[in-house]
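For this chain, numbers begin at 1 and follow the sequence in order. For ligands, and for the atoms within them, numbers begin at 1 and follow the listed sequence.
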Amino acid sequence: MIKLQNVVKNYEGYEAVKGISLEVKEGELYVLLGPSGCGKSTTLRLINKMIDRTSGEIFVEGEPVDAFKVESLRKKMGYVIQSTGLFPHMSVEENIATVPRLLKWKEEDIRKRGEEMLRLVGLSPEVYGKKLPKELSGGEAQRVGVARALAADPHILLMDEPFGAVDPISRVRLQKEFREIQKKLGKTVIFVTHDVEEALLLADRLCLMKEGNIVQEGTPEEVILRPKDPFVEDFFGKEGTLSLLTRFKAMDFREEKPLPGEPLPEETTLKEALSTMMLLGVGRLPIGGGSITLAAIMEVIRRWSHEEE
Ligand SMILES: Nc1ncnc2c1ncn2[C@@H]1O[C@H](COP(=O)(O)OP(=O)(O)OP(=O)(O)O)[C@@H](O)[C@H]1O
């Protein structure tokens with residue numbers, strides 16, 4: 001789907017990307033992860049040719065990236081950045097209509113698509129369509145940014161710390177919702193972040209970068225349970241294995257046994273369920289008409305420790 005072969009990027013003598021090779025499969029959510037300055041954003045921008053590589057090859061859907069006109073790359077690849085990049089003087093619906101309009105869609109189709117995309121990201125078109133970006137909260141603006149990137153139905157989404165500026169609670173909600181949307185639409189996504197929890201929640205596979213190189217690539221389980229070197233281990237920290245609990249929904253480990261009390265929201269992760277149990281000092285919490293137990297969570301962790309051996 002997307003393939004990089006020995007890609008190098010020099011900025012006036014500074015080698016920001018030092019010959020990386022990677023492959024992203026169709027429908028996959030691939031995370032570029034690593035500390036500030038390691039070359040994640042540069043790698044992303046090389047893929048849609050916002051910047052030109054110094055050497056190496058990039059293939060998109062089997063074709064060399066240079067074979068595409070810039071406009072057709074823009075059509076193929078939606079791009080979402082932290083500051084959303086919304087045009088401040090345009091309403092939400094006009095922002096979302098930008099690319100479809102460039103592609104000369106019929107006005108009626110543009111309107112319908114805009115409404116559909118707003119609903120998809122959880123915003124009512126009646127309430128939000130006519131608003132200006134300055135009238136939105138940070139989380140709402142990011143939702144519009146995602147809706148806009150999806151509007152022309154690109155095969156690929158490139159996302160550079162898209163939820164970085166959103167408060168932590170809205171951020172987790174956005175991440176979970178985005179994950180559902182991505183799976184539903186089957187889009188191929190390359191997602192840049194330096195946030196471990198975000199990477200673990202979203203990634204099918206991740207690529208940990210350091211100083212312009214790839215250090216390790218694989219599923220989060222592979223990378224965390226079998227770190228290649230001390231940098232990888234340190235990057236995920238002592239809680240690395242526990243952080244993997246973020247990848248599981250508590251509902252999937254629910255027992256039928258009901259329990260009185262306020263149930264956990266159905267989208268709760270195992271990590272959140274564990275934190276709540278520790279906070280309240282209880283070994284069982286209600287969820288979805290049944291309950292989740294500490295024992296069930298411990299069993300998941302126990303299986304990993306076997307894998308580590
Ligand atoms: N236009 C530029 N000119 C010169 N150097 C640049 C330019 N853009 C980026 N760099 C340098 O290249 C390196 C990689 O930058 P890049 O933005 O790709 O890192 P990053 O991993 O995305 O970091 P962050 O998480 O902080 O955004 C950095 O050292 C940066 O200072």
Side-chain angles (χ1 to χ4, degrees), residues 2-24 28-58 60 65 70 73-74 77-86 138 141-142 145-146 149 156-168 171-172 174-175 178 188-203 205-218 220 223-224 227-237 240 243 246:
I2 296 169
K3 194 165 161 186
L4 276 64
Q5 273 176 348
N6 275 322
V7 172
V8 172
K9 174 64 189 175
N10 280 322
Y11 289 115
E12 291 147 22
Y14 178 75
E15 206 169 43
V17 173
K18 299 178 179 162
I20 64 169
S21 300
L22 58 86
E23 212 170 322
V24 180
E28 183 170 48
L29 201 161
Y30 188 89
V31 172
L32 292 172
L33 178 68
S36 187
C38 70
K40 309 179 291 293
S41 303
T42 300
T43 304
L44 201 68
R45 284 191 231 133
L46 290 169
I47 296 171
N48 67 356
K49 290 191 51 171
M50 283 180 72
I51 51 175
D52 287 323
R53 64 196 184 278
T54 306
S55 62
E57 284 304 329
I58 299 179
V60 176
V65 74
V70 172
L73 276 183
R74 295 285 175 277
M77 300 186 194
Y79 184 54
V80 190
I81 51 174
Q82 187 179 110
S83 56
T84 75
L86 296 178
Q142 285 307 145
V146 172
I156 300 162
L157 275 186
L158 303 180
M159 306 182 82
D160 195 346
E161 308 241 4
F163 309 138
V166 182
D167 69 87
R171 183 174 179 165
V172 172
L174 267 173
Q175 289 162 349
F178 176 67
T188 305
V189 177
I190 307 188
F191 193 107
V192 163
T193 183
H194 60 260
D195 182 306
V196 169
E197 293 272 326
E198 179 164 78
L200 296 183
L201 187 75
L202 294 176
R205 284 190 307 140
L206 59 83
C207 169
L208 180 60
M209 293 181 68
K210 179 191 171 191
E211 295 167 5
N213 288 305
I214 294 177
V215 189
Q216 192 169 354
E217 199 204 23
V223 176
I224 288 187
K228 225 168 156 182
D229 66 20
F231 171 78
V232 181
E233 226 166 326
D234 286 352
F235 192 80
F236 290 101
S243 301
T246 299

- request: Answer yes or no: is there a side-chain heavy-atom contact under 4.5 Å between Leu208 and Leu33?
  value: yes

query: salt bridge (Lys or Arg N to Asp or Glu O under 4.0 Å) between Arg205 and Glu217: does it pass, once the steps are laid out?
result: CA-CA 7 Å; Arg205 284 190 307 140; Glu217 199 204 23; 3.7 Å; yes

message: Using a 4.0 Å cut-off to any heavy atom of Glu161, which atoms of ligand 1 qualify?
response: 25 (O)

Under a 3.5 Å distance rule, please check whether [X] uses its side chain to pair with a backbone N or O of [Y] as donor and acceptor.
X	Y	value
Arg53	Gly56	yes
Gln216	Lys228	yes
Asp234	Gly237	no
Asn10	Glu12	no

Listing, residues 37-48 side-chain donor-acceptor contacts under 3.5 Å, not counting sequence neighbours, or none:
{"residue": "Lys40", "atom": "NZ", "partner": "Gly34", "partner atom": "O", "Å": "2.8"}
{"residue": "Lys40", "atom": "NZ", "partner": "Pro35", "partner atom": "O", "Å": "3.2"}
{"residue": "Ser41", "atom": "OG", "partner": "Asp160", "partner atom": "OD1", "Å": "3.4"}
{"residue": "Ser41", "atom": "OG", "partner": "Asp160", "partner atom": "OD2", "Å": "2.9"}
{"residue": "Thr42", "atom": "OG1", "partner": "Tyr11", "partner atom": "OH", "Å": "3.0"}
{"residue": "Thr43", "atom": "OG1", "partner": "Gly39", "partner atom": "O", "Å": "2.7"}
{"residue": "Asn48", "atom": "OD1", "partner": "Met50", "partner atom": "N", "Å": "3.3"}

task: Scan the protein's non-hydrogen atoms and note whether one is under 4.0 Å from atom 20 (P) of ligand 1.
output: yes

- request: Ignoring hydrogens, tell whether any protein atom lies closer than 4.0 Å to atom 30 (C) of ligand 1; use the non-hydrogen atoms only.
  value: no

For [atom], grab the closest protein heavy atom and report residue, atom and distance to one decimal in Å.
atom	answer
atom 26 (O) of ligand 1	Ser36 OG, 2.5 Å
atom 6 (C) of ligand 1	Tyr11 CD1, 3.2 Å
atom 12 (O) of ligand 1	Ala16 CB, 3.4 Å
atom 23 (O) of ligand 1	Gly37 N, 2.8 Å

Partner of Thr193 under side-chain hydrogen bond (donor to acceptor under 3.5 Å, both in side chains), chosen from Gln175, Glu161, Glu198: Glu198

Looking at ligand 1, does any of its N/O atoms fall within less than 3.5 Å of an N/O of [X]?
X	answer
Gly39	yes
Lys40	yes
Ser41	yes

query: Which one of Asn10, Val192, Thr42, Leu46 has a non-hydrogen atom at the shortest distance from atom 16 (P) of ligand 1?
result: Thr42

